[in-house]
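Accompanying notes for the structure given below.
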Number of protein chains: 2
Amino acid sequence: MQKNKNGIEKGVLLPRPSSNETQFFDEEWSDEDFKNIIRKLNLKVTPQRMIILNCLHKNRKHITAQELFEKVQKLNEDIGFATVYRFLKDLALGHAVTEVRMGGMPARYELTPKKHHDHMTCTECGRIVEFQNKSIEQHQEKVAEQFGFKLTHHVLELYGICPSCQTHE
Amino acid sequence: MQKNKNGIEKGVLLPRPSSNETQFFDEEWSDEDFKNIIRKLNLKVTPQRMIILNCLHKNRKHITAQELFEKVQKLNEDIGFATVYRFLKDLALGHAVTEVRMGGMPARYELTPKKHHDHMTCTECGRIVEFQNKSIEQHQEKVAEQFGFKLTHHVLELYGICPSCQTHE
DNA sequence: TTTGCAAATGATAATCATTCTCATTAAATT
DNA sequence: AATTTAATGAGAATGATTATCATTTGCAAA
Ligand SMILES: [Zn+2]
Ligand SMILES: [Zn+2]
Ligand SMILES: [Zn+2]
Ligand SMILES: [Zn+2]
């Protein structure tokens, strides 16, 4: 496993720092929202799936399947790993969750927000900043038009060194 | 494996189409360039590494480690899979190659071009368009400034339906 | 050129995220 | 309630990636 100079595994998400240079968007989600998500994917509403979606929402963003499984188990012993994994995949296929991969690490998931945002990640400490930039989105559409593509989604991940990691040399 | 409506595996790179809506940037690379790449990573220049870089350059872009290994073997029976794999990882770490992942499929690699570009991929047929957009790059820098980040690199992948796939319904 | 050492190599085994299988259970529709 | 079809859970299978280690090689000092 790659480590940075502090011995921290690169790319591992740290607990949310509360520093002002970090930004997370929070959103409200109701059980009705979740049921609609499931139905839109032509899947059946089950207690397992409701629990999985609730855990996805309530817990830290950018969670791995394994981590999510552990959270889910605390609410219901009997939910299997395969169910969590399978459902995450179904959700990702329908863009109801966003799958983020970094290096060869396990995929991380977050509920696709109602209001789109992109990510900027510090490669030293793993800190993540969420941002919205209308101009970038507009220029993406222009590129698509230019080649006649109809865009369905995109991945924009910025990587760099955060202020704190620049300071600590 | 996920398939689209034509039974083609989604996300698999097809041979370069020659249609006008597709765009690839080609670049010249010399053996000296390759030696410099290796030295910049503090690695030693070996025949194996030179062959691997030459194969990366000469063959289709966005190649998997396995595919590259097969190409390399045609030039030298004795080069092992581990050598190819390891070197690709070293190159990716130093951003000398760009690693692209889609779904759970094996990573695909391309020589990081001298002139940066990003990708737009058709989710139906796998066609890839490479594009350069100065405005997007500038706005990315603005976002970074806003949060005090020093950008090192980024991933921008647009996904959509290409003109040809829109037509064929 | 010979020698010494650190790095690279190649074969193979190990790891581990992801996917599959299948017997059982549950959701939705009538 | 009965029928139909999808979902579930346990575990095995898959397959990409990584690690290990004995051997070889690059490189530079003597
Ligand atoms: Zn965006
Ligand atoms: Zn940082
Ligand atoms: Zn770019
Ligand atoms: Zn297409």
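Letters A, B, ... mirror the listed sequences (proteins, then strands); counts begin at 1. Please read all numbers here as calculations on a predicted model, not as lab measurements.
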Whole angstroms only, please: what is the [atom1]-[atom2] distance between [X] and [N]?
{"X": "A:Y85", "N": "D:dT14", "atom1": "OH", "atom2": "P", "value": "17 Å"}
{"X": "A:R101", "N": "C:dC16", "atom1": "CZ", "atom2": "P", "value": "17 Å"}
{"X": "A:Q73", "N": "D:dT8", "atom1": "CD", "atom2": "P", "value": "15 Å"}
{"X": "B:L68", "N": "D:dA16", "atom1": "CG", "atom2": "C1'", "value": "15 Å"}
{"X": "A:Q66", "N": "C:dC16", "atom1": "CD", "atom2": "C1'", "value": "11 Å"}
{"X": "B:E99", "N": "D:dT18", "atom1": "CD", "atom2": "C1'", "value": "13 Å"}
{"X": "B:K89", "N": "D:dA19", "atom1": "NZ", "atom2": "P", "value": "10 Å"}
{"X": "A:Y109", "N": "C:dA17", "atom1": "OH", "atom2": "P", "value": "12 Å"}

Counting only heavy atoms from other residues, nucleotides and ligands, does the tally under 6.0 Å from CD of B:E27 exceed 12?
yes
Should A:E67 and A:R108 count as an ion pair when the cut-off is N to O under 4.0 Å?
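Salt bridge: yes.
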If you apply the rule side chain to side chain contact (heavy atoms under 4.5 Å, CB included), what do you find for A:H117 with A:E110, and how did you get there?
CA-CA 12 Å; A:H117 67 251; A:E110 72 171 327; 3.5 Å; yes
B:F131: partners by ring pair (Phe, Tyr, Trp, His ring centres under 6.0 Å), with sequence neighbours left out:
none
Could you tell me whether A:K58 sits above the aromatic face of A:W29, with NZ or CZ closer than 6.0 angstrom to the six-membered ring centre and within 45 degrees of the axis?
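No, cation not above the ring by the 6.0 Å, 45° rule.
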Short of 4.0 Å, heavy atom to strand atom, which residues of residues 33-41 of chain B count as contacting DNA chain C?
none
Could you check whether any side-chain N or O of A:E157 sits under 3.5 Å from a backbone N or O of A:M120, counting only pairs where one atom can act as donor and the other as acceptor?
no
Does B:T167 use its side chain to pair, donor to acceptor, with the backbone of B:P163 at less than 3.5 Å?
yes
Taking the six-membered ring for Trp, is the centroid-to-centroid distance between A:H119 and B:H154 below 6.0 Å?
no
When we call it a touch if two heavy atoms are under 4.0 Å apart, what does B:A107 touch: a base, just sugar-phosphate, or nothing?
sugar-phosphate
For A:E99 and A:K89, run salt bridge (charged side-chain N to carboxylate O under 4.0 Å, His left out): C-alpha distance rounded to whole Å, both residues' side-chain angles, the deciding distance at 0.1 Å, then the answer.
CA-CA 9 Å; A:E99 194 184 52; A:K89 280 297 169 189; 2.5 Å; yes
Distances for protein N/O vs nucleotides 7-12 of chain C N/O pairs under 3.5 angstrom?
residue : atom : partner : partner atom : Å
C:dA7   : O4'  : B:K44   : NZ           : 3.3
C:dA8   : OP1  : B:K44   : N            : 3.2
C:dA8   : OP1  : B:R49   : NH1          : 3.0
C:dT9   : OP1  : B:T46   : OG1          : 2.5
C:dT9   : OP2  : B:R49   : NE           : 3.3
C:dT9   : OP2  : B:R49   : NH2          : 3.2
C:dT9   : O3'  : B:Q48   : NE2          : 3.2
C:dG10  : OP1  : B:Q48   : NE2          : 3.3
C:dG10  : OP1  : B:D78   : O            : 2.8
C:dG10  : OP2  : B:G80   : N            : 3.1
C:dG10  : OP2  : B:T83   : OG1          : 2.6
C:dG10  : O5'  : B:D78   : O            : 3.4
C:dG10  : N7   : B:R86   : NH2          : 2.8
C:dG10  : O6   : B:R86   : NH1          : 3.0

